[in-house]
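Lettering of chains follows the sequences in order, A, B, ..., and the numbering in each one begins at 1.
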Amino acid sequence: DAMVIQNPRYQVTQFGKPVTLSCSQTLNHNVMYWYQQKSSQAPKLLFHYYDKDFNNEADTPDNFQSRRPNTSFCFLDIRSPGLGDAAMYLCATSRDSGSKRYTFGSGTRLTVV
Amino acid sequence: RKEVEQDPGPFNVPEGATVAFNCTYSNSASQSFFWYRQDCRKEPKLLMSVYSSGNEDGRFTAQLNRASQYISLLIRDSKLSDSATYLCVVTLNFGNEKLTFGTGTRLTIIP
């Protein structure tokens, strides 16, 4: 039944070791978003794809990259994770750019050791 | 100044009581407003949209004051299951409608 699926739910990575988080959707939505939520903070948008068009937020560090090989999948790559990158990473989708209705995945909690 | 500001709480409220949260937003061009609920270590889930005329969904009432740029959420007859963090969310209608979240207000309902 899950429509936006994030894997894994929990990820532990070593300081500086590249890590990839994945998100898949069965909704055929055009827009996919990645949010970062640190403890007791608001979710912060990192970037989003409208179809294949990539839109980076101005303050998203270069350490964060994303790929969307097809409509269903979107990946978040952290090239050199630092301790400050430990957070919940939330993937969300919306039908199109004008849709206000988001569907969130259950998130991936990243720990950096 | 944060784009969306909320009192982080925590609010500890006895079961059955009424509780209200406020949220302020800085961008007067904001067009759409929402309350999301987030349980501990879970993803945010849409609770309700907020309209200028105010709207109600069961025990929940949301209000928008554009002149003062604040949004409110009222929960009546609170239940234990209402314990969660409530996130105030706004968007700008500029095509790509990214959600801008407040930090959330933590609510705990006490038996």
Side-chain angles (χ1 to χ4, degrees), chain A residues 2-11 21 23 25 29-51 53-60 86-111, chain B residues 1-11 21 23-27 29-52 55 62 64 71 84-108:
Chain A
M3 294 176 287
V4 179
I5 303 165
Q6 291 188 244
N7 283 308
R9 286 294 304 275
Y10 301 93
Q11 175 74 57
L21 310 183
C23 177
Q25 53 128 341
H29 282 176
N30 286 325
V31 193
M32 295 187 77
Y33 305 83
W34 279 104
Y35 281 82
Q36 178 194 60
Q37 186 177 24
K38 296 185 178 180
S39 181
S40 301
Q41 294 187 22
K44 178 182 177 298
L45 182 65
L46 295 173
F47 25 60
H48 73 277
Y49 275 93
Y50 181 82
D51 196 11
D53 293 333
F54 177 70
N55 297 272
N56 199 31
E57 292 300 299
D59 56 354
T60 297
M88 170 81 93
Y89 289 88
L90 294 159
C91 174
T93 72
S94 65
R95 184 169 51 84
D96 54 46
S97 61
S99 173
K100 303 175 185 63
R101 187 163 290 274
Y102 279 37
T103 302
F104 279 88
S106 53
T108 294
R109 183 164 294 279
L110 179 69
T111 300
Chain B
R1 183 183 174 188
K2 291 180 182 177
E3 291 183 72
V4 181
E5 294 208 55
Q6 296 181 249
D7 181 346
F11 284 56
F21 309 134
C23 160
T24 58
Y25 59 95
S26 61
N27 192 331
S30 299
Q31 292 293 321
S32 302
F33 310 90
F34 309 91
W35 285 101
Y36 274 70
R37 170 193 170 128
Q38 187 172 27
D39 293 297
C40 187
R41 296 180 174 266
K42 299 285 184 65
E43 74 275 21
K45 293 184 178 178
L46 178 64
L47 179 65
M48 59 197 304
S49 301
V50 188
Y51 304 114
S52 296
N55 50 297
L64 167 63
I71 307 149
T85 296
Y86 291 84
L87 299 161
C88 177
V89 182
V90 306
T91 73
L92 298 172
N93 284 358
F94 289 159
N96 288 325
E97 296 198 35
K98 67 176 186 178
L99 302 182
T100 300
F101 287 83
T103 53
T105 298
R106 174 75 189 147
L107 172 66
T108 300

* Asked: More than 12 foreign heavy atoms under 6.0 Å from CZ of A/Phe54: is that the case here?
  -> yes
* Residue part contacting chain A, namely of B/Gln38, when any heavy atom lies under 4.5 Å -> side chain
* Asked: Around B/Glu3, counting heavy atoms of other residues, nucleotides and ligands shown, do more than 12 lie under 6.0 Å from its CD?
  -> no
* chain A heavy atoms under 4.5 Å from B/Arg106: which part of the residue, side chain, backbone, both or neither? -> neither
* Do the non-hydrogen side-chain atoms of A/Tyr102 and B/Phe34 ever get within less than 4.5 Å of each other? -> no
* To do: Could you tell me which of A/Lys44, A/Gln6, A/Glu57 has the largest number of non-hydrogen atom pairs under 4.5 Å with chain B?
  => A/Glu57
* **Side chain A/Tyr33, main chain B/Leu99, donor-acceptor under 3.5 Å** => no
* Asked: Quick one: of B/Ser49, B/Pro44, B/Gly104, who has the most non-hydrogen atom pairs under 4.5 Å with chain A?
  -> B/Pro44
* Asked: For the residue pair B/Gly102 and A/Ala42, what are the closest heavy atoms and their distance?
  -> O-CB, 3.1 Å
* Can you measure from CZ (B/Arg41) to OG (A/Ser106) and round to the nearest 0.5 angstrom? => 13.5 Å
* Least distance between heavy atoms, A/Tyr35 atom then B/Lys98 atom -> OH-C, 4.2 Å
